[in-house]
Amino acid sequence: MKVLIVGSGGREHAIAWSVAKSKRVDKIYCAPGNGGISEYAECVDIPAMEFEKLADFAEEKKVDLTIIGMDDPLVGGIVDVFEERGLKVFGPRKNAAVIEGSKSFSKDLMKKYGIPTCHYETFHSPEEALLYLGSCQFPVVLKADGLALGKGVLICRTLEEAEAGVATLMLDKQFGDAGNTIVIEDFITGREVSVLCFCDGTHIAPMTSAQDHKRAKDGDQGLNTGGMGTFSPSPFYTDEIREFCEKNIYQPTMDAMKAEGRDFTGILFVGLMLTEDGPRVLEYNARFGDPEAQVVLPRMKNDIIDVIEACLEGRLDRLQLEFEDNAAVCVVLASDGYPEHYEKGKKITGLEQFQDKEGYYVFHAGTKLTPEGVVTNGGRVLGVTAKGKDLKEARANAYRATELIHFENKYMRSDIGKAIDELS
Ligand code: GLY
């Protein structure tokens with residue numbers, strides 16, 4: 001079987017690794033891919049937003065299945081283009097990917113169907129938003145409606161900060177048209193948990209839990225990033241919480257999307273906040289998390305192709321997802337200065353030590369293969385994942401592994417998974 005993966009980050013590397021393990025797959029392409037993905041896949045220089053060119057490629061190479069890793073092509077309708085051309089593709093159609101593409105859509109969906117989330121209001125003009133802020137308790141959370149590389153969320157502690165935030169999103173348009181509409185939400189606190197779920201349009205199968213660390217610096221300080229590291233499972237996501245979410249969040253979301261004529265097939269990423277009043281949905285995404293995929297997929301026992309086919313054939317309810325009874329931690333090695341200014345093109349050494357090293361994985365995010373070897377090519381460079389019998393062991397293994405990799409301006413947080421220490 002031939003598989004094409006669309007995307008170029010650490011998440012797509014983890015997907016490619018998982019697909020490469022399948023006995024049913026004999027050829028993998030990745031468009032556009034990266035230096036690390038080329039170990040498993042032939043990387044093809046077609047940008048992820050060139051839907052017709054990607055479909056031409058899939059047709060020409062007789063690709064049996066295309067997996068879309070990234071949000072932009074999903075929200076832009078790549079799945080519809082592939083389906084119109086009779087090509088098998090895994091991901092939600094445009095009318096379902098809107099669950100990630102529009103924050104106001106997802107908030108309205110939750111309100112209409114009674115799915116637990118926090119109070120919010122939607123605004124289409126800065127004047128209305130500023131007027132509303134006058135009646136708010138602070139902090140509040142401002143969210144750009146559209147896609148903003150995970151960065152269009154501002155936590156504002158005072159009225160002044162919130163007014164400046166409205167200007168940033170709606171007047172200065174820091175995130176372009178994504179800020180034409182904004183959502184203003186109550187600020188809620190608790191543990192964040194990410195639960196990625198396989199979906200077949202009707203049934204939903206949640207995977208093991210994970211937690212991301214979105215801020216650039218230790219102690220959750222600094223700017224928001226695409227994610228600086230993850231651990232899985234989250235010890236805060238107890239069986240009781242899982243059962244609550246299955247009953248009140250996951251299946252109700254599938255049913256709500258179906259009732260709206262937007263059947264969701266693909267990966268639904270549910271971002272939860274475990275508050276004192278119970279779990280609340282912070283956000284939905286329409287794809288695997290990055291770097292959540294880097295800790296969840298290495299723990300999955302199923303053949304990913306079997307699961308994806310069950311999704312595409314609407315028989316997910318007849319398949320049992322299985323995860324190893326262990327833990328994984330992923331520490332992101334970034335270029336110092338990320339997410340603002342940083343240099344690229346630095347030679348990376350030490351990668352060869354991970355060749356076939358059981359329980360250790362180096363997923364490439366921003367790298368490039370050059371005649372001189374692998375060099376840095378982005379803010380987030382590598383995700384170093386290690387497994388262990390429990391989170392403590394996985395964390396110690398992951399941090400030890402980061403010491404084996406070197407490049408100039410290497411930067412990482414030193415407290416990924418540290419929250420688990422509080423439990424011991
Ligand atoms: N790790 C957060 C995301 O993938 O959006």
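Start at 1 with the first residue, then count along the sequence.
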Enclosure of [X] [atom1] (heavy-atom neighbours >12, cutoff 6.0 Å):
X: K27; atom1: NZ; result: yes
X: D325; atom1: CG; result: no
X: K301; atom1: NZ; result: yes
X: K94; atom1: NZ; result: no

Next item on the list: Anything under 30° is parallel, anything over 60° is perpendicular, the rest tilted; go ahead and classify Y132 against F123.
Entry: tilted

Under a 4.0 Å N-O cut-off, is there an ion pair linking [X] with [Y]?
X: E313; Y: R315; result: yes
X: E83; Y: K88; result: no
X: E393; Y: K387; result: no

Quick one: does any side-chain atom of [X] pair with a main-chain N or O of [Y] as donor and acceptor, under 3.5 Å?
X: D218; Y: S414; result: yes
X: R413; Y: L333; result: no
X: S335; Y: G378; result: yes
X: Q221; Y: G219; result: yes
X: N95; Y: G261; result: yes
X: S102; Y: G146; result: no
X: E100; Y: A97; result: no
X: R11; Y: F288; result: yes
X: Q294; Y: Y361; result: no
X: N285; Y: R287; result: no

Checklist line | Ring centres under 6.0 angstrom apart (H213, F231) | finding: yes

Note to self: For F57 together with Y29, are the ring centres under 6.0 Å from each other?
What the structure shows: yes

Check: Can R157 be said to sit on top of F187's aromatic six-ring, NZ or CZ under 6.0 Å from centre and within 45° of the ring axis?
Finding: yes

Notebook entry, point to check: With a cut-off of under 6.0 Å to the ring centre and 45° to the axis, is K247 in cation-pi contact with F244?
Noted result: no

Any side-chain donor paired with an acceptor under 3.5 Å for [X] and [Y]?
X: N34; Y: S8; answer: no
X: Y284; Y: T253; answer: yes
X: D212; Y: T230; answer: no
X: T117; Y: K107; answer: yes

Note to self: For K143 and E283: C-alpha separation, side-chain torsions, deciding distance, then whether salt bridge (charged side-chain N to carboxylate O under 4.0 Å, His left out) applies.
What the structure shows: CA-CA 10 Å; K143 290 185 173 173; E283 62 171 1; 5.8 Å; no

Check: With respect to E292, which candidate in S209, S194, S232 satisfies the side chain to side chain donor-acceptor pair (under 3.5 Å) definition?
Finding: S194

Next item on the list: Determine, step by step, whether H13 and Y40 satisfy the ring pair (Phe, Tyr, Trp, His ring centres under 6.0 Å) criterion, reporting the C-alpha distance in whole Å, the side-chain angles of both residues, the deciding distance to 0.1 Å, and the verdict.
Entry: CA-CA 9 Å; H13 193 173; Y40 309 107; 5.7 Å; yes

